[in-house]
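Everything below concerns the one structure shown next.
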Amino acid sequence: MRTLILLWRLTLPSLLSGAARVRPGGRRDPAPSVWSYRYQRLMLTPFYRRLIHVGGPVALVMLVVGLWLASAENRAALGARIEAMKDAVQERPEFMVTALEIAGADRALTIAIREVARLDLPVSSFDLDLDALRLRIADLTAVRTAQLRVTPEGALEIAVVQRKPVAVWRYADGLRLIDAEGVMTGMIAERADRPDLPLIAGDGAKDAIDEALELFAAAAPIAPRLRGLVRMGERRWDMILDKDLRILLPEEGAVRALERVIALHQAQEMLDRDVQVVDLRLGERPTLRLSPPAMATLRGSTVVARAPTAPIEEDH
């Protein structure tokens, strides 16, 4: 409010009512005029002092810059100059990436990472989006985690933790490698490519990989005969041995049931006999199914055992 009053007193009506004229022969009043007095009061206000000493030059500079930028040619020249300065800084040798180093990956994964990265080296480190590149690499099924950094030597270092396959999963589209979490880490063309890994098959087999690994560990005494596990109805496992011997495991307590079978085999060599199926689905009533030749032999011996014999003649 005081500011508005001071401004009003500096307007034309206030100036017209200035100091009275000096009378002829009279002595001049040394007091300042109304205009001088009010101007001095106004300049003692900090706001107006800053406005004149700072705001005035700034406004003048902005006016000149605005008039210069009003021309499209000037704006284009300024943009080109800024881009040239930016490129001159970003393309300095100390900011250039000239090599790609991948650690923690095998040969197949290294090739896959190079294809995903799609880097046209050399490239400025300012043009690299490390976060987006890390997400693309982490999306690879064989990669558990990935860390990226640019080394002082000008190399992009990609350190990955690769998923380790623990089993081969036979599915409709081929043979897949899966890790302990049931995540696919890759594919193989033939079973012979990874004979060191156990084989699982069936729908939902990868979702029950924990139980499958426990079964493989429990079957260590008969590992040379073990061919794989088949998931049945996404509920339970069948263990397949050589000679097409199948062990039907229950839905609950499969590991304990398998351990009982192995203990029985070690005691009586049960799995070495002509047995085709060992059905353990009913824990209180395990069932054995013989092979067709053994069944025929058994039936033949039963018929012979039940055949009528000639009566023994008694001595008279």
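Worth knowing before you read on, the calculation uses all heavy atoms, side chains too, and leaves out hydrogens, waters and symmetry mates. Sequential numbering from 1 along the given sequence is applied to the chain's residues.
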E83, CD: over 12 other non-hydrogen atoms inside 6.0 angstrom: yes
Basic-acidic side-chain contact under 4.0 Å: R136, D129: no
W169: partners by ring pair (Phe, Tyr, Trp, His ring centres under 6.0 Å), with sequence neighbours left out: Y171
Basic-acidic side-chain contact under 4.0 Å: D196, R194: yes
Close side-chain approach of L148 to L128, heavy-atom, < 4.5 Å: no
Residue R49 excluded, over 12 heavy atoms near CZ under 6.0 Å: no
T185 side chain vs L177 backbone, donor-acceptor pair below 3.5 Å: yes
Step-by-step salt bridge (charged side-chain N to carboxylate O under 4.0 Å, His left out) determination, D244 to R227: CA-CA 9 Å; D244 293 331; R227 296 176 57 185; 3.1 Å; yes
Stepwise side-chain contact (heavy atoms from CB on, under 4.5 Å) check, K164 with D179: CA-CA 6 Å; K164 300 299 182 182; D179 69 349; 5.7 Å; no
Partners meeting side chain to side chain contact (heavy atoms under 4.5 Å, CB included) with E214 (sequence neighbours left out): V255
Cluster companions of V277 among Ile, Leu, Val, Met, Phe, Trp, Tyr (side-chain spacing under 4.5 Å): L248
Path from L135 to I102 over hydrophobic side-chain contacts below 4.5 Å: no
